[in-house]
Amino acid sequence: MNELDEVWAAMISEAHNRAKTNGKSDVADYLALKASNDQIRVTAVRWLMDSMLEIAAEANRRNAAISIENEQPHRFEFNNSNPVGYLLRLRQGVRCLTLEAGWTRTPADGFMRNAALAAARIRHFGMRQENTELVLLRTPELPEWFSIDKQERRVLFGSDDLLRHFQIFLGGF
C-alpha cells in the first residue's frame with residue numbers, strides 16, 4: 001500500500017469513528033463497507049502485481065534480462081472510467097508486457113461497471129489479440145479476478161493465466 005492509500009484509509013477510519021460517535025449509523029455503515037471494499041481491492045491488486053513480479057524475478061534468476069518498471073499512482077482508462085492504481089511494465093528487448101490495475105477513487109473517476117471492485121488490463125506490445133481485461137468480482141467464497149472475453153463473458157483468472165501471459169511475452173507460444 002502506498003502513502004496515498006494509507007492516508008485515505010486513515011481518513012475513512014476517522015470519518016467512520018466520527019459518524020459512529022455522532023449517532024449516524026447509516027453513514028458509519030457505509031464507511032465501514034467502503035473501508036472493507038478498499039482493503040479487498042488493495043489485497044487483490046497487490047496479489048496480481050506481486051504474482052507477476054515473482055514470475056519475472058524467477059525468469060531473471062535464469063538470466064532472462066527482463067527490465068522491470070513500477071509506477072504508482074497510475075491512472076488508466078477502463079470502460080469509460082478512470083481507475084487509479086498501479087502499473088507494472090516488463091521489457092525484454094523490443095518485447096513489452098504491461099499490467100495495470102486499480103479502481104475508481106472519486107466521483108470524477110467514474111464508476112466501476114457490473115459491480116466490479118477493481119479493474120486490470122494486461123497488454124502485449126505488438127500482439128493486441130493477446131491483451132486481456134480483468135475485473136475483480138465478489139463471489140460467494142472470496143473476491144476473484146475474472147477475464148472478460150469478446151462476448152463480455154467472464155472467465156475465472158488465476159496464477160496459471162498470469163504465467164501464460166508471461167510465456168507469451170517471452171515468446172513461448
Side-chain angles (χ1 to χ4, degrees), residues 1-13 15-16 26-27 29-53 68-91 95-166 168-169:
M1 189 183 298
N2 66 27
E3 278 184 48
L4 181 60
D5 290 334
E6 290 174 11
V7 168
W8 182 252
M11 289 173 61
I12 293 290
S13 178
H16 174 261
D26 54 341
V27 174
D29 290 346
Y30 168 77
L31 292 171
L33 176 63
K34 170 115 180 79
S36 171
N37 284 345
D38 284 349
Q39 188 58 46
I40 290 167
R41 292 173 175 119
V42 166
T43 301
V45 167
R46 184 181 295 141
W47 171 84
L48 202 58
M49 293 294 172
D50 288 351
S51 295
M52 187 62 85
L53 275 170
I68 300 170
E69 302 169 26
N70 280 304
E71 186 179 316
Q72 58 179 323
H74 170 71
R75 182 177 297 277
F76 60 103
E77 286 186 35
F78 190 91
N79 293 336
N80 297 322
S81 66
N82 296 298
V84 177
Y86 306 88
L87 169 71
L88 175 63
R89 185 177 292 120
L90 307 176
R91 295 181 191 271
R95 295 181 180 273
C96 182
L97 176 70
T98 59
L99 172 57
E100 301 169 293
W103 61 95
T104 56
R105 310 290 173 104
T106 67
D109 295 334
F111 64 94
M112 304 298 299
R113 290 178 44 205
N114 301 318
L117 292 168
R121 180 179 294 126
I122 299 173
R123 290 188 190 177
H124 295 268
F125 177 73
M127 294 183 282
R128 178 181 244 161
Q129 72 280 6
E130 300 296 345
N131 294 350
T132 301
E133 290 187 341
L134 307 171
V135 290
L136 179 66
L137 300 172
R138 286 189 183 276
T139 65
E141 297 80 38
L142 295 169
E144 296 190 79
W145 287 104
F146 290 85
S147 62
I148 305 168
D149 69 13
K150 305 229 185 307
Q151 289 78 35
E152 297 276 327
R153 291 181 302 217
R154 298 172 183 158
V155 179
L156 194 58
F157 187 91
S159 301
D160 291 343
D161 299 298
L162 277 176
L163 183 57
R164 184 181 66 78
H165 278 280
F166 187 78
I168 292 167
F169 160 67

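- Atom NE2 of residue His124 and atom CZ of residue Phe169 lie 9.5 Å apart, to the nearest 0.5 angstrom.
- Ile40 has its side chain within reach of Arg138: a pair of non-hydrogen atoms, C-beta onward, lies under 4.5 Å apart.
- Nearest heavy-atom pair across Gly102 and Pro83 is C-CB, 3.8 Å.
- Nearest heavy atoms, Trp47 versus Gly158: CH2-C, 4.0 Å.
- Contact annotation: the side chain of Met49 never approaches that of Asn70 to less than 4.5 Å [non-hydrogen atoms, C-beta and beyond].
- Applying the ring pair (Phe, Tyr, Trp, His ring centres under 6.0 Å) test to Phe146 and every residue at least two apart in sequence or in another chain returns nothing.
- The distance from atom OG of Ser51 to atom CZ of Arg46, rounded to the nearest 0.5 Å, is 12.0 Å.
- Between Asp38 and Lys34 there is a salt bridge, since at least one side-chain N of the basic residue sits less than 4.0 Å from a carboxylate O of the acidic one.
- Minimum heavy-atom separation, Ser81 to Thr104: CB-CG2, 3.9 Å.
- Counting heavy-atom neighbours within 6.0 Å of Phe76 CZ, excluding the residue itself, gives a total above 12.
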Practice problem: Test side-chain contact (heavy atoms from CB on, under 4.5 Å) on Trp103 and Val45 and set out the steps. | Solution: CA-CA 9 Å; Trp103 61 95; Val45 167; 4.0 Å; yes

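- Here the side chains of Leu48 and Tyr86 are not in contact, with every heavy-atom distance at 4.5 Å or above.
- Between Arg123 atom CZ and Leu99 atom CG the span is 11.0 Å, to the nearest 0.5 Å.
- Atom NE2 of His165 is separated from atom CZ of Phe157 by 4.5 Å, given to the nearest 0.5 angstrom.
- With rounding to the nearest 0.5 Å, the separation of NE2 in His74 from OG1 in Thr98 is 8.0 Å.
- Counting heavy atoms from C-beta outward, Glu133 and Asn131 have side chains that stay 4.5 Å or more apart.
- Residues Leu162 and Ile122 meet the side-chain proximity criterion, which asks for heavy atoms closer than 4.5 Å.
- A salt bridge (charged side-chain N to carboxylate O under 4.0 Å, His left out) check over residues 68-79, counting only residues at least two apart or in different chains, returns the pairs Glu69-Arg89, Glu69-Arg91, Arg75-Asp109.
- Scanning all heavy atoms of the two residues, the minimum distance from Leu97 to Phe166 falls at CD2-CA, 4.4 Å.
- The shortest heavy-atom contact between Arg41 and Leu136 is CA-CD2, 4.3 Å.
- To the nearest 0.5 Å, atoms CD (Glu130) and CD1 (Ile168) are separated by 4.0 Å.
- Judged by distance alone, the side chain of Ser36 and the main-chain N or O of Ala32 form no donor-acceptor pair under 3.5 Å.
- With sequence neighbours left out, Arg128 forms a side chain to side chain donor-acceptor pair (under 3.5 Å) with no residue at all.
- Closest heavy-atom contact between Arg105 and Gly85: NH2-CA, 3.8 Å.
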Practice problem: Walk me through it: do Leu156 and Thr139 pass the test side-chain contact (heavy atoms from CB on, under 4.5 Å)? | Solution: CA-CA 11 Å; Leu156 194 58; Thr139 65; 5.9 Å; no

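- In this structure a side-chain-to-backbone donor-acceptor pair under 3.5 Å is present from Trp145 to Ala44.
- The shortest distance between side-chain heavy atoms of Asn79 and Phe111 does not fall below 4.5 Å.
- In this structure, Thr132 and Asp161 have side chains that are not in contact, with every pair of non-hydrogen atoms separated by 4.5 Å or more.
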